[in-house]
Structure formats: structure tokens, C-alpha cells
Amino acid sequence: MKYRYIFVPLLFFISGCSNESINTEDSETSDHTASTADHSSEDSVTIGYEYDWDNVERDLYSLESQLNQEDYTNIETFFHTFKLPEEGRLNLEEAREYYEQDGEVDLNYNFSDNEIYYKNFLIFDRDTNMTTSTNIFGYDSNTLDPIQPFETQAVGLFMSIVKELYTDGFVSPNGERVDSLEEELTEEEHTYLNDDSFYTVNQEESRLPKGWGALQATIDRIETQLDYIEPYLKEYQELHLWSSETRQYLQVADSISYHDYEEAYKYVIEATNNIERLAETLPDK
């Protein structure tokens, strides 16, 4: 296996899906949610409680979160106490030799005792158990398959994704990157959201999109990151629930789209609120 860094853009400026594809996605989400409810607790790590979605349609479109403060407290405890797997670790000298094979690693990389290195090319901070970067994913140069985190590697990578989504902020409808989206839209934002020239993400006249394009960019970016990591969270019920819920907010917003942007905006807000709330539970050095 060769080691290769693939740089993933921080913001995915891609066009929104068609209504037909979105409706299909909603149907698939409902099926996924129903199957998740049947997931046996014997196969999962329950951090604080077991959940059961009684009504898929209600949960899919509800603005009420399924996680309360006690759940976030339990998740915070888990984040601060879980251990990374021993399997596949490399010591410092082994990592230097293993990672630099075939000359595909930056030879100036600063290997450190403060990091934990694995044969699948994931690197974790020893103090926080979080990956050192989520913008770089290693790919098998033969198959081009992305790295597959195993066991609690998934937790460390998930935490890093949440931190990056939070610290990089969100794009507001007036084309600014902000730490938090306001609950109420301003008059200026209404103007941009009503302008059909700002309905898509790709807007040449601005580095950051405005109007619905800005919200679409936020939806696409969060959805892409969580879509990557969510399959590896199935053994951690609350984390999988959080990711599924956050993505569902975004999928509902995406399906409503600019046709009723005020309603769609409510779901974008709930998704970003989830990110902000979970980011508060992450460990710091």
C-alpha cells in the first residue's frame, strides 16, 4: 500500500440536488431510520441510554432534538475516557519508515511522540485522541479506497470532524462566514434569499456564496463530512443518533430548498445548533 494525501476542500461548492433525487433520499433516510431503531443493543455501545424511534415521519420532520443535556453530558464523559485501539499502532521510528515508503509523504512532516500513528495512516493526538487533521484522507493507491477507521478510531475521527465543522463556521445568507447562524433572518438576508441569481452555490461574483447558495453550501459541507463517518458510528448509539439526526435536519432543509427558505432555514439552524452543542463536549489539550 502506498501512502497518499488527498486534500479535501473545506467547503463543497456543488449544486443542489433535484427534487426527484431529494425525495428519493428522504425515502431512503426513512428506511435507514427504521432499520436503526431495530438495531440490537447487544451489538452497540450504549453511552447513556437506549433509544427507539416510534414514529419515523414525526422524527424526520420534527424540530425537537432526540438528545437532551444528560445525553450530551454522557457523551462528554465518553469522549474524555475512551481509549484508542492497540492494534495497528506504530512506534515513532516505525512510523517514519512506514509512512515515508515510496516517497509519497512530505519528508518535512514533524513526527512526534505526542502523536499516535497507525498502519492505516490515521494519526491521532495523544492528549485528545482526535485526528491531527480531517482535511487529509489517505487512499490506497491501488484501489483508491479511502481509509476505513476501525474500533474507536472512528470516535477520534468523528470528534475531529465535529471540531472542524464548528471552528470553520458556517456561511450566512449575506455571504459571510460566521461562528453561529442567527435564529432570525435579517432584511438583507431576505433580499438575497429572494433573488434567484443566488439560488446556486456557484456564484462567480463572490468568494463565498450568498442567499440560498450560502445555505446550500453549508448543507452540502456538513452532509458530506457526516456521510463519510456515520457508517463507522453504528456501534456507538448516541453518536450514530446524533449524526443521523443532524443529517436528517439537513435533508429536510434540502428537500424544502429555496421554495420556502424560511421553513428550510429552521432545519439548517437545528443542524448547526447540534454541531455547536456537541463541539462543547470535545476534549481540549
Side-chain angles (χ1 to χ4, degrees), residues 10-17 19 22-23 25-26 29 57-73 75 161-226 241-282:
L10 291 181
L11 195 59
F12 293 85
F13 289 163
I14 58 178
S15 299
C17 303
N19 289 335
I22 291 169
N23 291 337
E25 185 178 33
D26 285 347
T29 302
E57 291 302 315
R58 182 202 68 192
D59 292 328
L60 182 60
Y61 292 97
S62 172
L63 288 167
E64 182 178 354
S65 176
Q66 308 248 346
L67 297 166
N68 57 34
Q69 184 55 50
E70 181 180 358
D71 302 323
Y72 279 96
T73 299
I75 291 174
I161 287 174
V162 172
K163 181 177 180 179
E164 183 180 86
L165 289 172
Y166 174 68
T167 56
D168 287 347
F170 314 105
V171 185
S172 68
N174 63 357
E176 297 178 354
R177 191 178 299 280
V178 295
D179 294 333
S180 179
L181 294 175
E182 297 296 332
E183 296 286 339
E184 299 293 332
L185 294 165
T186 66
E187 183 176 345
E188 180 187 22
E189 289 173 332
H190 275 288
T191 301
Y192 285 125
L193 286 162
N194 283 318
D195 189 336
D196 59 9
S197 67
F198 296 112
Y199 282 173
T200 63
V201 174
N202 297 311
Q203 300 169 14
E204 296 181 359
E205 63 272 18
S206 177
R207 185 180 66 86
L208 292 177
K210 298 179 180 181
W212 178 257
L215 297 182
Q216 188 68 60
T218 295
I219 290 171
D220 293 341
R221 179 179 178 235
I222 300 172
E223 170 70 15
T224 300
Q225 295 279 32
L226 295 185
L241 169 58
W242 180 92
S243 181
S244 296
E245 177 182 276
T246 303
R247 291 182 65 220
Q248 285 171 3
Y249 285 141
L250 298 169
Q251 289 161 1
V252 171
D254 202 11
S255 66
I256 298 172
S257 190
Y258 54 79
H259 302 294
D260 186 356
Y261 65 78
E262 289 185 321
E263 182 67 15
Y265 187 68
K266 296 177 184 177
Y267 290 93
V268 177
I269 287 292
E270 290 306 315
T272 58
N273 284 346
N274 269 14
I275 292 172
E276 293 174 34
R277 197 170 183 185
L278 192 62
E280 293 175 353
T281 71
L282 299 175

Distance from I161 atom CD1 to Q225 atom CD, nearest 0.5 Å?
5.0 Å
Would you find more than 12 non-hydrogen atoms of other residues, nucleotides or ligands less than 6.0 Å from Q69 atom CD?
yes
So, S65 side chain and L67 main chain: donor-acceptor pair closer than 3.5 Å or not?
yes
Would I219 and W212 count as a side-chain contact (heavy atoms from CB on, under 4.5 Å) here? Give the steps.
CA-CA 10 Å; I219 290 171; W212 178 257; 4.2 Å; yes
Would you check if there is a donor-acceptor pair between the side chains of T200 and N202 at a distance under 3.5 Å?
no
Can you check whether S180 reaches E276 side chain to side chain, under 4.5 Å on heavy atoms?
yes
L181 to S172 - nearest heavy-atom pair and separation
CD2-CA, 3.8 Å
Which atom of E223 lies closest to which atom of Q251, heavy atoms considered:
OE2-NE2, 3.7 Å
Rounded to the nearest 0.5 Å, the OH atom of Y249 sits from the OG atom of S244 at a distance of 12.0 Å
Does the D260 side chain pair with the main chain of I256, one donor and one acceptor, at a distance under 3.5 Å?
no
Interatomic distance, OG@S243 vs CD@Q248, rounded to 0.5 Å, equals 9.5 Å
Is atom CG of D195 surrounded by more than 12 heavy atoms (other residues, nucleotides or ligands) closer than 6.0 Å?
yes
V162 and side chain to side chain contact (heavy atoms under 4.5 Å, CB included): which partner among N274, L282, I222?
L282
Under a 3.5 Å threshold, yes or no: a donor from one side chain and an acceptor from the other, between Y267 and D254?
no
Side chain proximity check, L215 to P173, heavy atoms < 4.5 angstrom:
yes
For P209 and A214 the tightest heavy-atom approach is O-CB, 3.3 Å
So CG of D179 and CG of D168: to nearest 0.5 Å the spacing works out to 10.5 Å
Answer whether the closest heavy-atom distance between the side chains of R221 and E164 falls below 4.5 Å.
yes
Flag, side chain of D220 to backbone of A217, donor-acceptor distance under 3.5 Å
no
Are any of the side-chain heavy atoms of F198 and Y258 separated by less than 4.5 Å?
no
Does a salt bridge link R277 with E280, judged by any charged N lying under 4.0 Å from a carboxylate O?
no
CD on E189 to CD on E184, rounded to 0.5 Å
10.5 Å
Please determine whether side-chain contact (heavy atoms from CB on, under 4.5 Å) holds for the pair I269 and E182, giving the CA-CA distance in whole Å, both sets of side-chain angles, and the decisive distance to 0.1 Å.
CA-CA 8 Å; I269 287 292; E182 297 296 332; over 6 Å; no
Is the closest side-chain heavy-atom distance between K266 and V252 below 4.5 Å?
no
Are I275 and F170 packed together at the side-chain level, in the sense that at least one heavy-atom pair is separated by less than 4.5 angstrom?
yes
Say you draw a straight line from CG of L193 to OH of Y265; how long is it, rounded to the nearest 0.5 Å?
8.5 Å
